[in-house]
Amino acid sequence: MIESGAAHDGEARPFMRRALELARKGWGQTAPNPMVGAVVVRDGRVVGEGYHARFGEAHAEVGALRAAGENARNATMYVTLEPCRHHGKTPPCTDAILAAGVRRVVIAALDPTDVAGGGAALLRARGIDIEIGALEREARELNAPFFHAAVSDLPWTTLKIAASIETAISSDRGTTSWLTGPEARAEVHRLRAGNDAVAVGVGTVLADDPQLTAREGQTPRKPPARVIFDRSLRTPLGSKVVVTARETPTLIVTRDASLAAANAFRDAGVHVVAAEDLRDGFRRLRAAGIRALMVEGGATINVAVLEEGLVHRLVIFQAPVALGPSALHAFDGAPPHVLRGLERYPLVERRTLAPDVMTTFAVANS
């Protein structure tokens, strides 16, 4: 048998990369399950592929085995997450692998959950060669909220900023709409679709009256909730997020949910969440089922979530425009230690979305 770490070789990587490409097709459709891709290879040739397309539907391994048919016997399966061993909405993937006669399974990352984890050990005990760790970092990054949820009572949080070349977000001390181009805006909507909720501070609601919905590209299986951090309940009852609260789940996180104003929001269909402070608010969002949160606020909330250590990924969409010396910058008011931290965040990814540049930084991993 081959143990953990042995799969880091040239033979495994291209097939696992393909499995990761397949897994990404489930973006916005599989939560709370992870995105998973699988490839079946026999004699160096791909004979079956599959991915988890939608929550409640067949898992990636089953789809790949069905596509492979009899060619799965004595083949190798490459899968981005440890095959499950439990009965959930579908039967255990380990049963399907054993029934198909697969000889070897290469796994990118082990499942961190008690209910589904352990599939690798089960398969190994039944005589299947198991390798663990091929492109593990990439696999964990793809499903970061899933892995994070197993160890934390806070949401996996992405802070998204659209900024000018000098990292300014407004030229008039308010906000600037359409600072970036259509390609970047489409990517923002795609990112929203992969999160459980999109959050802003009340200042953004007052300035922009945003919808905070995923309106472009593939419709997510479950539309992300909208979250407004509003300590004093200044959100207008006529704002878009409030008047559509019965159509799209909307939460207001505030200091005192017993205020009379809170009842007006409840009557409109808004869920009012009382929190002692920002970190407590994040904990309460996680307790409400929000595992992946995307924050899209202005400078005030940008600085607050960074200062509180609540951010895991920072995504900056930078447009090739300058807003001038009087512009409001994305991190205005940040204390020195927050500004120093911005200089040290490791780069995760950089992409060009003509005419803009999208850069993702790792702020924290757990």
(request) Kindly compute the distance separating CG (Leu310) from CD (Glu308), expressed to the nearest 0.5 Å. (result) 6.0 Å
(message) So, taking the atom named CD1 in Ile128 and the one named CG in Leu123, what distance separates them when rounded to the nearest 0.5 Å?
(response) 4.5 Å
(message) Treating Arg284 as the side-chain partner and Ala274 as the backbone partner, does any N or O pair qualify as donor plus acceptor under 3.5 Å?
(response) yes
(message) Contact between Thr76 and Val40 at the side-chain level, heavy atoms closer than 4.5 Å - yes or no?
(response) no
(request) Using the side chain to side chain donor-acceptor pair (under 3.5 Å) rule, pick out the option among Arg350, Glu349, Gln318 that qualifies with Thr359. (result) Arg350
(request) Please check if the distance between the ring centroids of Tyr345 and Phe361 is under 6.0 Å. (result) no
(message) Between Asp277 and Asp280 (side chain of the first, backbone of the second, donor and acceptor by atom type, cut-off under 3.5 Å), is there such a pair?
(response) yes
(message) What I'd like to find out is whether the side chain of Leu306 reaches to under 4.5 Å of the side chain of Leu159, using heavy atoms alone.
(response) yes
(message) Quick test of your reading of the model: are Asp153 and Arg283 salt-bridged, counting only N-O distances below 4.0 Å?
(response) yes
(request) Kindly compute the distance separating CG (Asn365) from CD (Glu141), expressed to the nearest 0.5 Å. (result) 7.5 Å
(request) Please check if Val36 and Ile132 belong to a single hydrophobic cluster, counting links between Ile, Leu, Val, Met, Phe, Trp and Tyr side chain heavy atoms closer than 4.5 Å. (result) yes
(message) Membership question, hydrophobic clusters at under 4.5 Å side-chain separation (ILVMFWY): are Val338 and Ile316 in the same one?
(response) yes
(request) Indicate yes or no for a side-chain donor-acceptor contact from Asp208 to the backbone of Val205 under 3.5 Å, with no hydrogens or angles considered. (result) no
(request) Give a yes or no on whether Val273 and Val242 share a hydrophobic cluster (residues Ile, Leu, Val, Met, Phe, Trp, Tyr; joining criterion: side-chain heavy atoms under 4.5 Å apart). (result) no
(message) Under 4.0 Å between a side-chain nitrogen and a carboxylate oxygen: does that hold for Glu183 and Arg185?
(response) no
(message) With side-chain contact (heavy atoms from CB on, under 4.5 Å) as the criterion, how do Val41 and Arg45 come out once you've worked through the C-alpha distance, each side chain's angles and the decisive distance to 0.1 Å?
(response) CA-CA 5 Å; Val41 177; Arg45 181 174 63 90; 5.7 Å; no
(message) Just so I know, are the side chains of His52 and Asn33 near enough to count as touching, which here means a heavy-atom distance under 4.5 Å?
(response) yes
(request) Spell out, as yes or no, whether a donor-acceptor pair under 3.5 Å connects the side chain of Glu166 to the backbone of Leu323. (result) yes
(message) Which residue in the set Leu259, Ile228, Leu233 passes side chain to side chain contact (heavy atoms under 4.5 Å, CB included) when paired with Thr254?
(response) Leu233
(request) Would you check if the side chain of Glu82 reaches a backbone N or O of Asp111 as a donor-acceptor pair within less than 3.5 Å? (result) yes
(request) Examine Val198 and Val241 and state if one hydrophobic cluster contains both, with Ile, Leu, Val, Met, Phe, Trp and Tyr joined whenever side-chain heavy atoms are less than 4.5 Å apart. (result) yes
(message) Check this for me, if you would: do Glu187 and Arg351 make a salt bridge, where the nitrogen-to-carboxylate-oxygen distance has to be below 4.0 angstrom?
(response) yes
(request) Identify whether Leu135 and Tyr78 are in the same connected component of the hydrophobic contact network (ILVMFWY, side-chain heavy atoms under 4.5 Å). (result) yes
(message) Looking at Thr180 and Ala184, would you say the former's side chain and the latter's main chain have a donor-acceptor pair under 3.5 Å?
(response) no
(request) Could you tell me whether the side chain of Arg313 and the main chain of Ala364 form a donor-acceptor pair under 3.5 Å? (result) yes
(request) May I ask you to establish whether Arg291 and Trp156 are in a cation-pi arrangement, using a distance under 6.0 Å from NZ or CZ to the six-membered ring centre and at most 45° from the ring axis? (result) no
(request) Would you give the length of the straight line joining atom CG of Asp356 to atom CG of Leu179, rounded to the nearest 0.5 angstrom? (result) 7.5 Å
(message) To the nearest 0.5 Å, what is the distance between CD1 on Ile169 and NE2 on His329?
(response) 9.5 Å
(request) Test Glu21 against every option in Lys25, Arg18, Arg17 by the salt bridge (Lys or Arg N to Asp or Glu O under 4.0 Å) rule and name the one that passes. (result) Arg18
(request) Could you tell me whether Glu131 and Arg13 have a side-chain N and a carboxylate O separated by less than 4.0 Å? (result) no
(request) Please lay out, stage by stage, how Gln29 and Arg221 fare under the test side chain to side chain donor-acceptor pair (under 3.5 Å). (result) CA-CA 5 Å; Gln29 306 302 316; Arg221 182 185 71 86; over 6 Å; no
(request) Output yes when a side-chain donor or acceptor of Ser152 lies under 3.5 Å from a complementary backbone atom of Leu154, and no otherwise. (result) yes
(request) Supply the atom-to-atom distance Met16 CE to Glu136 CD, rounded to the nearest 0.5 angstrom. (result) 10.0 Å
(message) For Val202, is there any backbone N or O sitting under 3.5 Å from a side-chain donor or acceptor partner on Asp230?
(response) no
(request) Would you check, one step at a time, whether the test side-chain contact (heavy atoms from CB on, under 4.5 Å) holds for Thr158 with His312? (result) CA-CA 6 Å; Thr158 299; His312 300 92; over 6 Å; no
